Amino acid sequence: MKRAFPWHIAVFLAPAFLIYTAFSALPLLDTLRLGFFTTHDSGQQTFVGLANYIKLLTDPDWSASFWNAMHNNVKFFLIVMFVQNPIALLLAALLSMHGVRGAKGYQTLIFLPTLLSVVIIGFIWQLILSPLWGVSEKLLGFVGMADYFQPWLGDEGSALITLSLISVWQFVGVPMMLIYASLIAIPDEIIEAARIEGASSWHIFWTIRLPLILPTLGLVTILTFVGNFNAFDLIYAVKGAIAGPNYSTDLLGTFFYRTFFGYQSQIGSPTMGAAVATTMFLIILSGVGVYFYFIQRKLQRFAF
């Protein structure tokens, strides 16, 4: 017997499908298309194939800025990855322990910065770290470390690291809650059986709880990768589109902004901006593809 087409499901999905197509799929396809064209002074667009991408990767006028932004983006991601996620794991493990008083309050306080505007976060940290009117030097003086104070946001060697740590402070609540939800979902019977066998809490965590949440840790890793290679707002809020000092905090997001819209004496180029955006998309797509093909399949065996 021939089954009827599920029109009720199609009608239910239609609004979401139309909104996604109009605001995500079509702009993405148009960006991919625009990257193969160049714009003349008259405004006319001409098809040039891969010329924009070759210029972006090899032309000294473009490649130096692109590879600098790429290098900074990788550094930004690695700092966030190896600082934020271990802290999130530690916090989630502590808050998931039985008998922790005020656990919900701690979760709320840690997650609260995530809800704040990045503009507010950037302005607050600029005030805190300012060598003129900031309070960080005085706070370090209370613990006898005033000599270690530096204008961290104004130094080329420390500006990107400082912004990475600010990002960690703001968003550590997201991976913490994901890991926490995974930890409390582990059946109590497994933990109790290990305790009956005489396993210590430390042994239980490393041999039972941690392996069981590896799929969640993998998800946190790929979300961190995607989020940080799309990073723009914090850098723009604190250092502006120029991503100073001397482009030391320039990421692919800010490089794309200057390329597409222009900034100060730099004239914007929609076609070169589309090439940069497409390159960013391909980098993120490649990272996600590598993760799902080589890592996610292996982690599935730890799921419960």
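Values in this document were obtained by computation on a predicted structure and should not be read as measured data.
- Interatomic distance, CG of Asn72 versus CE of Met70, reported as 11.0 Å (0.5 Å rounding).
- Going from atom OG of Ser167 over to atom CZ of Phe77 covers 12.0 Å, rounded to the nearest 0.5 Å.
- The hydrophobic clustering, which links ILVMFWY residues whose side-chain heavy atoms are closer than 4.5 Å, places Val80 and Leu165 together.
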Please walk me through it: do Tyr236 and Tyr257 pass side-chain contact (heavy atoms from CB on, under 4.5 Å)? CA-CA 10 Å; Tyr236 186 81; Tyr257 179 90; 3.6 Å; yes
Decide side-chain contact (heavy atoms from CB on, under 4.5 Å) for Phe255 and Leu56; before the verdict, give the C-alpha distance in whole Å, the side-chain angles of both, and the deciding distance to 0.1 Å. CA-CA 11 Å; Phe255 175 63; Leu56 179 66; 3.8 Å; yes
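- Phe76 and Ala231 get closest at one heavy-atom pair: CE2-CB, 4.0 Å.
- Enclosure of atom CZ in Phe232 by more than 12 non-hydrogen atoms of other residues, nucleotides or ligands within 6.0 angstrom is indicated.
- By the ring-ring contact (aromatic ring centres under 6.0 Å, His included) test, Trp62 pairs with no residue at all, sequence neighbours left out.
- For Thr38, there are no side-chain hydrogen bond (donor to acceptor under 3.5 Å, both in side chains) partners at least two apart in sequence or on another chain.
- Note that CD1 of Ile184 and CD1 of Ile213 are 12.0 Å apart. Values are rounded to the nearest 0.5 Å.
- In this structure, Thr114 contributes its side chain and Gln170 its backbone to a donor-acceptor pair below 3.5 Å.
- With rounding to the nearest 0.5 angstrom, the CD1 atom of Ile242 is 13.5 Å from the CD1 atom of Ile235.
- Note on Met176 and Phe171: separate hydrophobic clusters, where clusters join Ile, Leu, Val, Met, Phe, Trp and Tyr whose side-chain heavy atoms are under 4.5 Å apart, directly or indirectly.
- In terms of hydrophobic clustering, with Ile, Leu, Val, Met, Phe, Trp and Tyr side chains grouped at heavy-atom distances under 4.5 Å, Leu29 and Phe23 are assigned to different clusters.
- Side-chain contact between Leu127 and Phe123 is present, with at least one heavy-atom pair separated by less than 4.5 Å.
- Hydrophobic clustering, with ILVMFWY side chains joined whenever heavy atoms are under 4.5 angstrom apart, groups Met280 together with Phe261.
- Here Leu78 pairs with Val74, Phe82 under the side chain to side chain contact (heavy atoms under 4.5 Å, CB included) rule; sequence neighbours left out.
- Judged purely by atom type and a 3.5 angstrom limit, Tyr53 has no side-chain atom pairing as donor or acceptor with the backbone of Thr278.
- Between Val238 and Gly122 the shortest heavy-atom distance is CG2-CA, 3.5 Å.
- Judged as a salt bridge (charged side-chain N to carboxylate O under 4.0 Å, His left out), the pairs with a partner in residues 225-251 (not counting sequence neighbours) are, in order, Asp250-Arg258.
- Here the closest non-hydrogen pair linking Pro175 and Val220 is CB-CG1, 3.6 Å.
- In terms of the ring-ring contact (aromatic ring centres under 6.0 Å, His included) criterion, Tyr247 has no residue partners (sequence neighbours excluded).
- Here the closest heavy-atom approach between residue Ala277 and residue Phe256 is recorded as CB-CE1, 3.8 Å.
- At least one side-chain heavy atom of Leu153 sits under 4.5 Å from a side-chain heavy atom of Leu163.
- The aromatic rings of Phe37 and Phe47 sit perpendicular, their planes meeting at an angle over 60°, well past the 30° parallel limit.
- Side chain of Asn73 to main chain of Asn228: a donor-acceptor pair is present (N/O by atom type, distance under 3.5 Å, no hydrogens or angles).
- With a 4.5 Å cut-off on side-chain heavy atoms, Ser158 and Gln150 do not count as touching.
- The backbone N or O of Gly244 lies less than 3.5 Å from a partner atom in the side chain of Thr249, making a donor-acceptor pair.
- Residues Ser248 and Leu160 form no side-chain contact, since every pair of their non-hydrogen atoms from C-beta on lies 4.5 Å or further apart.
- Pairs passing the side-chain hydrogen bond (donor to acceptor under 3.5 Å, both in side chains) check and including a residue from residues 17-32, sequence neighbours excluded, read Asp30-Arg33.
- Heavy atoms only, all atoms of each residue included: Val11 and Pro15 are closest at O-CD, 3.3 Å.
- In this structure, the side chain to side chain contact (heavy atoms under 4.5 Å, CB included) partners of Tyr148, at least two apart in sequence or on a different chain, are Met145.
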Please step through side-chain contact (heavy atoms from CB on, under 4.5 Å) for the pair Tyr106 and Leu95, ending with a clear verdict. CA-CA 8 Å; Tyr106 292 129; Leu95 294 175; 3.8 Å; yes
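- When the ring-ring contact (aromatic ring centres under 6.0 Å, His included) test is applied to Trp67, no partner is found at least two apart in sequence or on another chain.
- Surrounding CD1 of Ile267 are at most 12 heavy atoms belonging to other residues, nucleotides or ligands under 6.0 Å away.
- Sequence neighbours left out, the pairs with a member in residues 202-220 that pass side-chain hydrogen bond (donor to acceptor under 3.5 Å, both in side chains) are Ser96-Arg209, Ser182-Thr216.
- At a threshold of 4.5 Å between non-hydrogen side-chain atoms, the residues Val172 and Ile110 count as touching.
- Heavy-atom minimum distance, Gly35 versus Ala274: N-CB, 3.7 Å.
- Between Trp152 and Ile161, every side-chain heavy-atom pair lies at or beyond the 4.5 Å cut-off.
- When hydrophobic clusters are built by joining Ile, Leu, Val, Met, Phe, Trp and Tyr residues whose side-chain heavy atoms come closer than 4.5 Å, directly or via intermediates, Phe292 is not grouped with Phe281.
- Here Glu192 pairs with Arg195 under the salt bridge (Lys or Arg N to Asp or Glu O under 4.0 Å) rule; sequence neighbours left out.
- Among residues two or more places apart in sequence or in another chain, the side chain to side chain contact (heavy atoms under 4.5 Å, CB included) test is passed with Leu132 by Ser130.
- Inter-residue side-chain proximity for Phe66 and Leu252 is flagged as met; some heavy-atom pair is nearer than 4.5 Å.
- For the atom pair Leu183 CG and Leu210 CG, the distance stands at 8.5 Å (nearest 0.5 Å).
- Remark: Trp133 engages no residue in a ring-ring contact (aromatic ring centres under 6.0 Å, His included) (not counting sequence neighbours).
- Heavy-atom neighbours of Asp61 CG from other residues, nucleotides or ligands within 6.0 Å: above the threshold of 12.
- Screening Leu91, Leu89, Leu90 for a side chain to side chain contact (heavy atoms under 4.5 Å, CB included) involving Ile87 leaves a single residue, Leu91.
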Run the side-chain contact (heavy atoms from CB on, under 4.5 Å) test on Phe36 and Val48 for me, step by step, so that the C-alpha distance in whole Å, both residues' side-chain angles and the decisive distance to 0.1 Å come before the verdict. CA-CA 6 Å; Phe36 295 106; Val48 293; 5.8 Å; no
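- Here the side chains of Phe142 and Leu139 are in contact, with some heavy-atom distance below 4.5 Å.
- In this structure a side-chain-to-backbone donor-acceptor pair under 3.5 Å is present from Thr221 to Leu217.
- Using modelled atom types, no side-chain atom of Gln107 and backbone atom of Met177 make a donor-acceptor pair closer than 3.5 Å.
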